[in-house]
Amino acid sequence: MINITLPDASVRQFEAGVSSMDVAKSISEGLARKVLAAKVNGQVWDASRPINTDASLQLLTWDDTDGKSTFWHSSAHLMAEAVESMFPGVKFWVGPPLDNGFYYDMDLGDRKITEEDLAALEKKMHELARQNNVYIRKEVSKADAVQYFTEKGDEYKLDLLQNLEDGNITFYTQGQFTDLCRGPHIPATGSIKAIKLTNIAGAYWKGDEKNKQLTRLYGVTFPAQKELDAYLLMLEEAKKRDHRKLGKELGIFTMDEDVGPGLIMWMPNGTVIIEELEKLAKETEEEGGYKRVVTPHIAKESMYLTSGHLPYYADSMYPPMELDGEKYYLKAMNCPHHHKIFAAEPRSYRDLPLRIAEYGTVYRYEQSGELFGLMRVRCLHMNDAHIYCSKEQFKQEFMAVNDMYLKYFKIFGVDKYVMRLSLHSPEKLGVKYVNQPELWKETEEMVRNVLIESKIPYVEVQDEAAFYGPKIDVQIYSVIGREFTLATNQVDFSQGRSFKLHYTTQENTSETPIIIHRAPLGTHERFIGFLLEHYAGKLPVWLAPLQVKILPISDKFIDYATTVKATLRKLGVRTEVDDRSEKIGKKIREAELSRVPYMLVVGEKEMNEGKVSVRRQGKGDMGMISIDVFAGDIKNEIANRIAG
RNA sequence: GCCACUUUAGCUCAGCUGGUAGAGCAACUGAUUUGUAAUCAGUAGGUCGUUGGUUCGAUUCCGACAAGUGGCUCCA
């Protein structure tokens with residue numbers, strides 16, 4: 001007999017060789033039907049796999065993340081079975097679960113899957129699911145596995161096998177489909193009830209663009225149709241707050257084929273948001289001891305050779321223009337210009353830390369396939385600044401930058417983000433990163449310590465550093481789930497040397513400053529794209545392009561409306577009057593749809609009493625108050641940048 | 001850049017297997033003077049992304065290019 005410890009700490013005894021499914025059945029049939037897999041001593045196992053020793057056991061269902069992953073992984077196998085039946089001879093690479101579904105990469109040879117095939121594939125998957133085929137696990141020797149896939153002619157699985165150890169190789173079979181797979185899987189295909197193949201895409205083999213491109217088929221499945229329906233509804237809701245859709249509806253920005261891809265034109269409404277953000281940044285930076293500078297959009301090649309950008313970054317820069325035998329580049333970053341400002345005067349330790357800031361316009365020649373609404377563009381306005389400091393000052397300065405982020409995030413109510421400590425990859429020294437192994441080690445340690453000391457939760461990721469040093473990136477997700485770096489805080493131990501920057505120390509020696517590159521508000525483009533989605537277009541009053549719309553009940557009250565407008569305008573409140581001969585219901589509807597935070601309805605009563613009827617966007621009628629009270633309230637709301 | 005898809009009026013979208021186009025909203029004109037999410041009537045608006053080809057004839061079929069979109073690679 002063995003002891004099985006359940007999550008509630010209760011211990012039950014079973015014969016050795018009992019499966020998780022048997023344990024589930026002993027608890028209740030209903031539970032057994034829901035079990036997808038089990039966590040045995042912390043490892044996710046097939047529910048049918050025998051347990052031979054004392055163990056802790058957690059039964060996994062659809063409600064567990066690991067249960068969902070197993071379900072989707074098994075769904076990927078089901079999809080592969082359907083694909084193989086329709087496209088005999090297809091070769092498979094890998095088919096992992098995702099946060100929301102799964103994919104499988106495959107080589108279809110000369111054939112291709114079209115969108116019309118998806119419906120047929122879904123139908124086939126349903127058919128195979130209904131057969132309720134059991135997922136059978138089988139341990140195989142490496143020799144047998146190699147033989148199997150050699151006969152099948154599948155070089156991709158053979159490639160996977162190369163890196164696997166003999167004695168540690170398993171096959172899974174369901175129905176007619178056998179795959180090399182470490183598992184685990186759900187008991188049988190029957191629990192996959194709702195199936196949606198979402199899209200077809202290309203994906204480079206092993207993620208390397210030099211390799212062959214495989215076909216990647218994405219899908220998502222659920223144990224019940226209503227869950228799929230809910231998921232699809234959620235996707236539709238998400239699309240409604242997509243910044244590209246909102247940006248068009250609200251007149252924030254536009255793009256034009258004749259201007260060029262990834263080049264944003266900010267319309268008047270968008271420009272108001274930009275100006276408010278810059279005002280916030282200027283105030284905050286002034287408090288933080290920053291000085292503002294302005295630099296040109298172009299510079300000579302020699303500067304980018306000095307900075308070291310050209311070897312690492314040339315592909316992302318617009319090609320140079322030649323003038324008088326000199327090459328000029330559009331700047332892709334502001335740092336070299338700022339370094340020249342540092343170098344323009346002799347600096348002493350008394351000048352440090354020197355913090356210079358600029359909302360710099362930079363141009364990056366992003367690959368055409370990468371462009372995405374406002375989130376990924378070719379002309380961007382960075383909330384940029386560079387801090388030149390001594391090694392001793394570094395920690396305090398770096399922490400102050402982190403504090404600035406957190407201050408901003410509080411104002412905007414940003415809470416869904418991941419702080420990422422982005423480190424270099426030693427094997428790419430000299431290729432993607434400056435070749436200074438010791439400095440990398442030292443600086444990464446410095447940054448990590450700041451995070452630990454500030455008690456900021458973070459994740460560490462390799463191979464995401466800037467070429468000149470490690471950084472902290474703030475990762476956010478667009479409504480369609482794409483990940484972006486919103487803000488960044490970077491350490492640079494390299495450019496100070498390449499620009500021969502130095503300052504005189506107290507001991508009259510010469511030192512090179514450490515440089516911090518930071519952009520807590522990222523770029524206007526990405527930040528505003530993010531804000532539109534974050535607020536679903538309902539910007540807080542201080543950011544709203546139009547803050548108050550006055551809606552006269554009829555033409556007779558336009559004069560009164562105009563005096564109300566003048567009062568508010570005097571206080572700097574962005575106000576308009578809807579003076580069309582429309583019914584009040586229509587004026588309200590359109591004002592609501594354009595997300596004006598405050599609507600003031602004025603008619604007979606209001607005019608006679610010198611009042612306004614306040615309607616808050618999304619909240620409805622708030623009642624009648626005097627103009628002065630309303631003006632005082634909104635002024636306060638704007639001045640304090642109150643959210644929502 | 002690579003794989004796939006999309007492109008019809010200002011916007012959202014119809015237009016079956018080839019016979020040069022329609023709706024709603026917006027715009028404009030007129031009537032209406034309205035009390036918290038769409039008043040009524042009329043008018044105007046499109047070389048169907050661009051460009052080659054097939055065809056008696058192309059918005060429709062095929063190719064190239066451009067832009068956009070979903071991914072991959074890359075990145076704020």
Side-chain angles (χ1 to χ4, degrees), chain A residues 103 105 108 112-115 198-218 242 244-245 248-249 255-262 313 315-316 332-333 362 364-377 380-384 422 432 464 466 471 473-476 480-488 490 517-527 529-530 551-558 580-593 599-606 613-624:
Chain A
Y103 68 79
D105 281 350
L108 291 154
K112 63 179 182 182
I113 291 183
T114 65
E115 277 171 34
T198 46
N199 70 68
I200 310 160
Y204 299 109
W205 184 44
K206 295 185 177 179
D208 187 334
E209 64 181 325
K210 289 193 238 8
N211 284 342
K212 178 168 183 176
Q213 195 157 49
L214 305 176
T215 300
R216 177 172 294 180
L217 205 51
Y218 285 86
D242 188 310
R244 293 165 295 184
K245 186 172 159 66
K248 179 172 260 177
E249 283 172 5
M255 291 191 259
D256 190 280
E257 211 174 302
D258 283 338
V259 175
Y313 216 85
D315 287 348
S316 299
M333 62 293 298
V362 301
R364 295 184 180 178
Y365 188 71
E366 302 289 353
Q367 297 183 65
S368 58
E370 286 313 316
L371 302 173
F372 174 66
L374 285 176
M375 299 293 205
R376 192 79 184 270
V377 296
L380 25 318
H381 298 82
M382 286 187 82
N383 171 228
D384 215 353
S422 300
K432 190 174 167 184
E464 291 288 345
K471 54 182 182 162
D473 292 319
V474 182
Q475 301 303 107
I476 52 109
I480 62 166
R482 248 193 249 184
E483 182 178 351
F484 288 100
T485 300
L486 187 68
T488 184
Q490 318 181 341
H517 303 235
R518 42 111 281 180
L521 294 177
T523 66
H524 281 324
E525 286 74 17
R526 191 171 287 177
F527 202 78
F530 167 76
L551 312 176
I553 294 288
S554 82
D555 292 356
K556 285 184 271 185
F557 311 106
I558 290 178
R580 297 171 307 164
S581 302
E582 291 290 351
K583 295 178 78 167
I584 191 67
K586 178 155 187 171
K587 293 182 184 178
I588 286 171
R589 178 180 157 80
E590 290 185 6
E592 285 278 350
L593 289 175
M599 287 151 274
L600 300 182
V601 176
V602 296
E604 187 90 39
K605 280 179 292 182
E606 289 79 4
S613 283
V614 180
R615 183 185 170 99
R616 188 75 166 90
Q617 201 278 344
K619 292 192 180 134
D621 195 353
M622 313 292 278
M624 197 162 78

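Here the structure is a predicted model, which means the values were calculated and not measured. Just so it is clear: chains get the letters A, B, ... in the order the sequence lines come, proteins before strands, and each one is counted from 1.
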Selected nucleotide, minimal atom distance to A/I584 side chain, candidates B/G35, B/G1, B/A76
B/G35

Just to be sure I understand the rule, does A/L371 reach a base, reach only the sugar-phosphate, or reach nothing, if contact means heavy atoms closer than 4.0 Å?
sugar-phosphate

Could you tell me whether the side chain of A/F557 reaches within less than 4.5 Å of the side chain of A/E606, counting heavy atoms only?
no

Would you kindly check whether a donor in the side chain of A/R376 faces an acceptor in the base of B/C74, or vice versa, at under 3.5 angstrom?
yes

Just to be sure I understand the rule, does A/L486 reach a base, reach only the sugar-phosphate, or reach nothing, if contact means heavy atoms closer than 4.0 Å?
sugar-phosphate

base_contact_polar (B/G71 base, A/Y204 side chain, donor-acceptor, <3.5 Å):
no

Would you indicate what A/A201 reaches in the nucleic acid, counting non-hydrogen atoms under 4.0 angstrom: base, sugar-phosphate, or nothing?
base

What integer number of Å spans the C1' atoms of B/G49 and B/A9?
14 Å

Using a cut-off of 4.0 Å on non-hydrogen atoms, how would the nucleic acid contact of A/G603 be classed: base, sugar-phosphate, or nothing?
base

May I ask you to decide if the ring planes of A/F484 and A/F372 are parallel, tilted or perpendicular, using 30° and 60° as cut-offs?
parallel

With a 4.0 Å cut-off on heavy atoms, is A/E582 in touch with a base, just the backbone sugar-phosphate, or nothing at all?
base

Indicate yes or no for a side-chain donor-acceptor contact from A/Q617 to the backbone of A/E592 under 3.5 Å, with no hydrogens or angles considered.
yes

Verify the contact: side-chain N or O of A/S368 to OP1 or OP2 of B/G1, cut-off strictly under 4.0 Å; return yes or no.
yes

Can you check whether A/R244's main-chain N or O pairs, donor with acceptor, with A/D242's side chain at less than 3.5 Å?
yes

Quantified in whole Å, what is the P atom distance between nucleotide B/A21 and nucleotide B/G35?
45 Å

Measure from CG on A/L374 to P on B/U69 and round the result to the nearest Å.
10 Å

Between A/E483 and A/K248, which is nearer to the 5' end of RNA chain B once each is assigned its nearest nucleotide?
A/K248

If I take atom CG in residue A/D256 and atom P in nucleotide B/G10, what distance separates them, rounded to the nearest angstrom?
13 Å

Can you tell me, in whole Å, how much space there is between the C1' of B/G10 and that of B/C28?
13 Å

What interatomic distance, in whole Å, is found between P of B/U47 and the corresponding atom of B/C11?
13 Å

Base, sugar-phosphate, or nothing for A/T198, non-hydrogen atoms under 4.0 angstrom?
nothing

Using atom CE of A/M375 as one end and atom C1' of B/G70 as the other, report the distance to the nearest whole Å.
16 Å

Indicate, yes or no, whether a donor-acceptor pair under 3.5 Å links the base of B/A67 to the side chain of A/E257.
no

Listed nucleotide nearest any side-chain atom of A/Q213, set B/C72, B/G35, B/C74
B/C72

How close or far is atom P of B/C3 from atom CD1 of A/I113, stated in whole angstroms?
17 Å

Candidates B/C75, B/U34, B/C5 - which lies nearest the side chain of A/I553:
B/U34

Please give the distance between the C1' atoms of B/A66 and B/U51 as a whole number of Å.
10 Å

Would you mind classifying the nucleic acid contact of A/K586 as base, sugar-phosphate or nothing, using non-hydrogen atoms under 4.0 angstrom?
sugar-phosphate

Check if the side chain of A/E606 and the base of B/G35 share a donor-acceptor pair of N or O atoms closer than 3.5 Å.
yes

Is the closest basic N to carboxylate O distance between A/D208 and A/K206 below 4.0 Å?
no

Whole angstrom value for the distance that separates C1' of B/C25 from CG of A/L593
11 Å

Spacing of A/L214 atom CG relative to B/G71 atom P, expressed in whole Å
18 Å

Reckon A/F372 touches a base, only the sugar-phosphate, or nothing at all at heavy-atom distances under 4.0 Å?
sugar-phosphate

So what does A/G207 hit on the nucleic acid, given a heavy-atom distance under 4.0 Å: a base, only sugar-phosphate, or nothing?
sugar-phosphate

Could you work out the separation of B/U8 and B/G15 based on their C1' atoms and round it to a whole Å?
9 Å

Gap between atoms CG and P, on A/D208 and B/C3 respectively (whole Å)
16 Å

Using a heavy-atom cut-off of 4.0 Å across all strands, would you classify A/K432 as base, sugar-phosphate, or nothing?
sugar-phosphate

Base, sugar-phosphate or nothing for A/Y103? Non-hydrogen atoms, less than 4.0 Å.
nothing

Kindly say if A/R216 contacts the phosphate of B/C3, meaning a side-chain N or O under 4.0 Å from OP1 or OP2.
no

Would you check if the side chain of A/R364 reaches a backbone N or O of A/A332 as a donor-acceptor pair within less than 3.5 Å?
yes

Using the C1' atom on both, measure B/C65 against B/C75 and round to a whole Å.
27 Å

Contact between A/T523 and A/M382 at the side-chain level, heavy atoms closer than 4.5 Å - yes or no?
yes

Toward the 5' end of RNA chain B, which comes first, A/T488 or A/E592, by nearest nucleotide?
A/E592

What's the closest nucleotide to the side chain of A/M255 if the choices are B/U39, B/G68, B/A37?
B/G68

Using the rule salt bridge (charged side-chain N to carboxylate O under 4.0 Å, His left out), only one of A/E525, A/E483, A/E366 pairs with A/R376; which is it?
A/E366

What I want to check is whether an N or O donor and acceptor connect the side chain of A/R615 with the base of B/A37 at under 3.5 Å.
yes

Main chain of A/G620, side chain of A/R615: is a donor-acceptor contact present, judged purely on distance under 3.5 Å?
no

Given 3.5 Å as the limit, does a donor-acceptor pair link the side chain of A/K587 with the main chain of A/R580, or not?
yes

In whole angstrom, give me the gap between the P atoms of B/C61 and B/C16.
9 Å

Any base atoms under 4.0 Å from A/K587, or only sugar-phosphate, or nothing? Heavy atoms, all strands.
nothing

Answer yes or no: side-chain N or O of A/E366 and base N or O of B/C75 forming a donor-acceptor pair under 3.5 Å.
no

B/A26, B/A76, B/G70: which one has an atom nearest the side-chain heavy atoms of A/N199?
B/G70

Which one, B/A4, B/A37, B/U12, comes nearest to the side chain of A/K112?
B/A4

Answer with base, sugar-phosphate or nothing: what part of the nucleic acid does A/G623 contact at a heavy-atom distance below 4.0 Å?
nothing

Looking at B/A27, B/U33, B/G35, which one has an atom nearest to any side-chain atom of A/S554?
B/U33

From B/G1, B/U36, B/A76, nucleotide with atom closest to A/E209 side chain
B/G1

Taking atom C1' of B/C25 as reference, at what distance in whole Å does atom CD of A/E249 sit?
13 Å

Kindly point out which of B/A37, B/G35, B/G68 is positioned nearest to the side chain of A/P261?
B/G68

Could you check whether A/V362 gets within reach of a base, just the sugar-phosphate, or nothing at all, counting any heavy atom under 4.0 Å?
nothing

